[in-house]
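In what follows, a structure is listed as structure tokens, so that the remarks can point back to it.
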Amino acid sequence: MAQALLVLDSIAAKSGIHFEYNPQLVGGAAIDAAGKALPAETIAACEASDAILFGSVGGPKWEHLPPNEQPERGALLPLRKHFGLFANLRPGICYPALTASSPVRPDLVEGGFDVLCVRELTGGLYFGQPKSRDTLPDGDIQVIDTMVYKKSEIVRIAHVAFKAAQLRGKHVTSVDKANVLTNSVLWRETMIEVAKEYTDVTLAHLYVDNAAMQLIKAPRSFDVLVTENLFGDILSDEMAMIAGSLGMLASASLGQPKGDGLYFGLFEPSGGTAPDIAGKGIANPIAQILSAALLLRFSLGLENEALAIENAVKNVIGDGLRTGDIFTSAPGTRLVNTAEMGAAIVAAL
Ligand code: IPM
Ligand code: MG
């Protein structure tokens with residue numbers, strides 16, 4: 001987050017635009033300081049803002065707490081729900097210079113792996129009721145998570161995917177499990193129905209197991225991938241890894257556009273807190289920095305400034321700078337830490 005703020009400061013200095021920050025605690029830090037993962041002041045500050053730039057939350061220190069009080073279920077999911085952020089956009093791009101960092105065979109990603117994952121974010125198993133854990137009379141334990149979608153929730157995410165595809169490769173792959181789940185049958189029917197409004201976009205369907213396989217087998221065959229909450233969580237990690245690292249995957253979580261065409265949104269790296277390397281100063285700041293770029297684009301309408309950040313990242317990667325997660329000792333590359341990567345991106349702006 002520190003590096004992302006330096007990048008925004010640099011954008012501000014260059015453009016003369018003034019950004020007003022209101023830093024607030026959330027997740028583990030808020031539990032430690034205020035006793036709860038999502039303090040009322042934090043929600044109030046978010047409500048008074050144009051957008052949320054969110055760091056990663058969670059970690060072993062808080063895993064002993066009841067699930068609803070932990071950083072993920074006590075802060076991140078309620079924030080997504082509170083602000084109606086149903087559309088999660090995750091752009092997975094393998095820069096040409098990062099081909100060697102992808103675990104997938106170079107010839108499969110060369111020439112551009114560039115997928116936009118459109119993940120439904122406020123429905124499905126994450127939020128469906130009932131959700132419970134009970135000890136049965138015979139002593140056995142029974143747990144329930146419920147997968148719920150309304151047609152209207154599928155319709156609105158379908159529009160997001162088709163509109164995004166119109167601005168890209170004009171191809172949508174909808175991922176479901178329609179051979180098993182009632183949810184997915186409605187999902188597929190609805191995608192087919194909404195697609196009729198987008199005659200310039202082609203629609204394909206994949207079962208989620210096959211989608212996981214096709215992503216590895218033919219990563220370049222995807223343009224926009226749209227799917228429900230849990231499938232999107234899983235497939236976007238796979239997509240990030242194909243592109244080189246989870247540390248590269250930014251995300252925008254958006255609601256409906258406001259009257260001015262901009263969105264209130266939450267912008268966060270797609271990965272977690274990486275407790276194994278916490279405090280060492282070696283994490284890849286790029287997902288957070290690219291999330292700040294998405295914030296400029298979607299919440300503030302600063303397209304040129306967003307592009308400037310994205311180009312700076314591309315150039316720094318092209319120059320061979322690598323944090324540990326994307327380092328391969330390929331010729332012309334250099335291992336750097338978090339601050340060095342951030343400074344290089346600021347310098348490249
Ligand atoms: C993500 C994360 C979250 C999710 C966790 C932290 C709750 O994995 O944004 O992908 O599952 O949505
Ligand atoms: Mg995830």
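Whatever order the structure lists them in is the order used to number ligands and atoms, beginning at 1. What you are looking at is a predicted structure, and each value in this text was computed from that prediction instead of being measured.
What sits closest to atom 6 (C) of ligand 1 on the protein, heavy atoms only, is E72 CG, 3.6 Å. What sits closest to atom 3 (C) of ligand 1 on the protein, heavy atoms only, is R80 NH2, 4.0 Å. For atom 4 (C) of ligand 1, the closest non-hydrogen atom of the protein is Y126 OH, 3.5 Å.
Defined by atom type and a distance below 3.5 Å, a donor-acceptor pair is present between the side-chain atoms of S236 and R90. Side chains of Y149 and N229: no donor on one and acceptor on the other come within 3.5 Å.
Remark: the backbone N or O of N337 is paired with a side-chain donor or acceptor of E340 at under 3.5 angstrom. Between the Q142 side chain and the D134 main chain, no donor and acceptor come within less than 3.5 Å of each other.
Residue contacts with ligand 1 do not include Q70, since none of its heavy atoms lies under 4.0 Å from the ligand. Using a non-hydrogen distance threshold of 4.0 Å, S270 registers as a contact of ligand 1. Taking a 4.0 Å cut-off on heavy atoms, R73 fails to register as neighbouring ligand 1.
Backbone and side-chain nitrogen or oxygen atoms of R119 are examined, and one is located within less than 3.5 angstrom of a nitrogen or oxygen of ligand 1. Between R90 and ligand 1, an N or O atom pair is found at a separation short of 3.5 Å.
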request  = Applying salt bridge (Lys or Arg N to Asp or Glu O under 4.0 Å), run through D200 and K170 and close with a yes or a no.
outcome  = CA-CA 7 Å; D200 54 335; K170 299 191 168 50; 5.0 Å; no
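Within a 6.0 Å radius of NZ in K217, other residues, nucleotides and ligands contribute 12 heavy atoms or fewer. No more than 12 heavy atoms of other residues, nucleotides or ligands sit less than 6.0 Å from atom NZ of K36.
In this structure, the side chains of F19 and L302 come closer than 4.5 Å at one or more pairs of heavy atoms.
Classified by interplanar angle (parallel below 30°, tilted 30° to 60°, perpendicular above 60°), the ring pair F298/F267 is parallel. Using cut-offs of 30° and 60° on the angle between ring planes, the pair Y198 and F162 is parallel.
Of the options D233, N88, L246, the smallest heavy-atom separation from atom 8 (O) of ligand 1 is shown by D233.
If you look at the Mg ion (ligand 2), the protein N, O or S atoms less than 2.8 Å from it are D233 OD1.
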